[in-house]
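Convention: sequence-line order gives letters A, B, ...; per-chain numbering from 1. These values consider heavy atoms only, across backbone and side chains, with no hydrogens, waters or symmetry-generated copies.
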Amino acid sequence: MNHSRSLSRAFFDRPTLLVAEQLLGMRLVRIENGQRLSGFIIETEAYIGEEDQGCHARAGLTPRTKVMYGPPGHAYVYFTYGMHWLLNFVTEREGFPAAVLIRAVELDEGEEIVALRRNGQPRAQWTNGPAKLCQAFNIDGTWNGYDLCQPNALLYVESQSDGSPFLALSVTTTPRVGLYSVQEPWRSIAWRFVGSPLSALGKKHRAVPET
DNA sequence: AGCACGATTAACT
DNA sequence: GTTAATCGTGCTC
């Protein structure tokens with residue numbers, strides 16, 4: 001594609017906080033039966049290392065966390081609450097467990113299919129949650145370990161051809177969602193990145209989005 | 001082998 | 001704002 005390019009492994013092979021922030025405005029792409037489904041990433045969270053008590057890797061190397069210990073640029077997809085799949089991207093060097101959770105995207109391509117999958121829901125709620133976007137893009141555990149940086153990948157992230165994001169966003173950081181039982185400082189550390197359209201600046205400002 | 005728990009969502013009141 | 005749905009994971013026995 002002329003106006004875009006796939007993010008390289010080097011992009012993910014960097015400090016997780018940097019990756020989490022710079023993923024905002026990039027385009028998540030899923031090729032399904034030859035058709036493109038995509039959305040602009042607008043919300044992420046960082047999970048970094050065994051010390052991070054909010055990170056699954058706090059349990060060390062297990063069958064579940066194995067992918068996070070692997071090379072960067074792979075998908076870490078896991079199941080939670082008995083019914084939801086969540087999509088993460090592995091970051092940092094091989095051997096160091098870290099990942100970025102994709103919490104929300106703004107749908108770009110694949111409206112018909114997503115409308116079908118999220119039937120009954122208004123458009124604004126199609127992909128505004130980590131499990132919702134997995135449902136919308138039909139991403140489940142079979143994608144765990146998938147290499148986003150391989151040639152002709154069916155799941156990957158795009159930037160513009162010059163490497164910049166598609167959307168110019170103002171970035172707000174807040175504590176990560178749903179870590180109520182996690183000890184401090186991990187519970188409150190501001191490792192959640194929320195992108196808001198620059199055009200919305202000066203209008204409504206939400207200091208801390210509801211958790 | 002058994003069990004408590006959860007990086008959530010939708011459908012309630 | 002509250003709660004049920006639902007099952008893989010990791011920890012304990």
Side-chain angles (χ1 to χ4, degrees), chain A residues 12 15-21 23-24 28 39 41-70 72 74-92 96-107 114-146 148 155 157 171-195 206 208-211:
Chain A
F12 297 99
T16 305
L17 294 177
L18 204 58
V19 177
E21 178 167 6
L23 276 172
L24 298 178
L28 173 67
I41 298 171
I42 56 173
E43 190 177 330
T44 62
E45 282 177 3
Y47 291 87
I48 311 174
E50 296 176 351
E51 304 297 304
D52 177 2
Q53 292 304 297
C55 180
H56 289 158
R58 67 182 178 276
L61 178 58
T62 67
R64 180 201 212 184
T65 60
K66 184 167 179 273
V67 173
M68 269 201 287
Y69 285 80
H74 289 244
Y76 169 45
V77 182
Y78 70 90
F79 192 74
T80 192
Y81 290 103
M83 60 189 85
H84 297 302
W85 293 100
L86 303 213
L87 172 67
N88 303 249
F89 300 148
V90 177
T91 58
E92 312 214 20
F96 184 86
V100 174
L101 171 69
I102 307 304
R103 286 194 56 87
V105 305
E106 184 182 309
L107 188 69
V114 171
L116 216 58
R117 292 216 176 101
R118 307 282 307 139
N119 197 19
Q121 301 288 329
R123 193 188 210 287
Q125 290 171 35
W126 282 354
T127 55
N128 66 334
K132 296 179 187 179
L133 70 90
C134 283
Q135 185 189 353
F137 287 0
N138 195 20
I139 294 168
D140 62 16
T142 62
W143 292 91
N144 191 37
Y146 190 83
L148 309 162
L155 179 67
V157 186
V171 180
T172 309
T173 63
T174 81
R176 295 172 291 181
V177 173
L179 303 191
Y180 179 76
S181 62
V182 171
Q183 73 190 61
E184 298 290 4
W186 312 111
R187 184 171 117 189
S188 302
I189 196 164
W191 283 358
R192 176 187 184 209
F193 298 85
V194 182
R206 46 172 166 166
V208 178
E210 99 279 10
T211 52

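Spacing between atom NZ of A/Lys132 and atom P of B/dA7 amounts to 18 Å, rounded to whole angstrom units. Taking atom CH2 on A/Trp186 and atom C1' on B/dA7, their separation rounds to 16 Å, with Å as the unit. Distance, A/Arg58 CZ to C/dC11 P: 9 Å, rounded to whole Å. We find that CZ of A/Arg64 is positioned 7 Å from P of C/dT9, with the value rounded to whole Å. Following rounding to the nearest Å, A/Trp85 (CH2) and C/dT6 (P) show an atom-to-atom distance of 16 Å. In this entry the distance linking CG of A/Leu101 with P of B/dG6 reads 16 Å, nearest Å. One interatomic measurement links the two molecules: CE of A/Met83 to P of C/dT3, which rounds to 16 Å at whole-angstrom precision. To the nearest angstrom, P of C/dC7 lies 14 Å from CG of A/Asp140.
With a cut-off of 3.5 Å on both pairing distances, the Watson-Crick or G-U wobble partner of C/dC7 is B/dG6.
One finds a side-chain N or O of A/Arg103 lying less than 4.0 angstrom from the OP1 or OP2 phosphate oxygen of B/dT8. Of the side-chain N and O atoms in A/His56, one or more sit less than 4.0 angstrom from OP1 or OP2 of B/dA7. Within the structure, a side-chain polar atom (N or O) of A/Arg118 is placed less than 4.0 Å from OP1 or OP2 of B/dA10. Contact annotation: A/Thr62 reaches the phosphate of C/dG10 (side-chain N/O to OP1 or OP2, under 4.0 Å).
Comparing atom distances between the A/Ala59 side chain and each of B/dA7, B/dT9, C/dC11 picks out C/dC11 as nearest. Checking B/dA7, B/dT9, C/dC7 against every side-chain atom of A/Phe79, the shortest atom distance belongs to C/dC7.
Between A/Trp186 and A/Trp191, the ring-plane angle classifies as tilted under the 30° and 60° cut-offs.
Under a 3.5 Å cut-off, the side chain of A/Thr62 and the backbone N or O of A/Thr65 do form a donor-acceptor pair.
Between A/Pro130 and A/Ser181, the residue whose closest nucleotide on DNA chain B is further toward the 5' end is A/Ser181.
As judged by a 4.0 angstrom heavy-atom cut-off over every strand, A/Gly54 is placed among the base-contacting residues.
The line from CD1 of A/Ile42 to CG of A/Leu28 is 12.0 Å long, rounded to the nearest 0.5 Å.
Exactly one of A/Ile48, A/Thr16, A/Asn88, A/Leu87 qualifies for a side-chain contact (heavy atoms from CB on, under 4.5 Å) with A/Val100. That residue is A/Thr16.
Applying the 5.5 angstrom centroid cut-off and the 30 degree plane-angle cut-off, the aromatic ring of A/Tyr47 is stacked upon the base of B/dA7.
Between the side chain of A/Tyr81 and the base of B/dA7, no donor-acceptor pair under 3.5 Å is found.
More than 12 heavy atoms of other residues, nucleotides or ligands shown are found within 6.0 angstrom of CD on A/Glu184.
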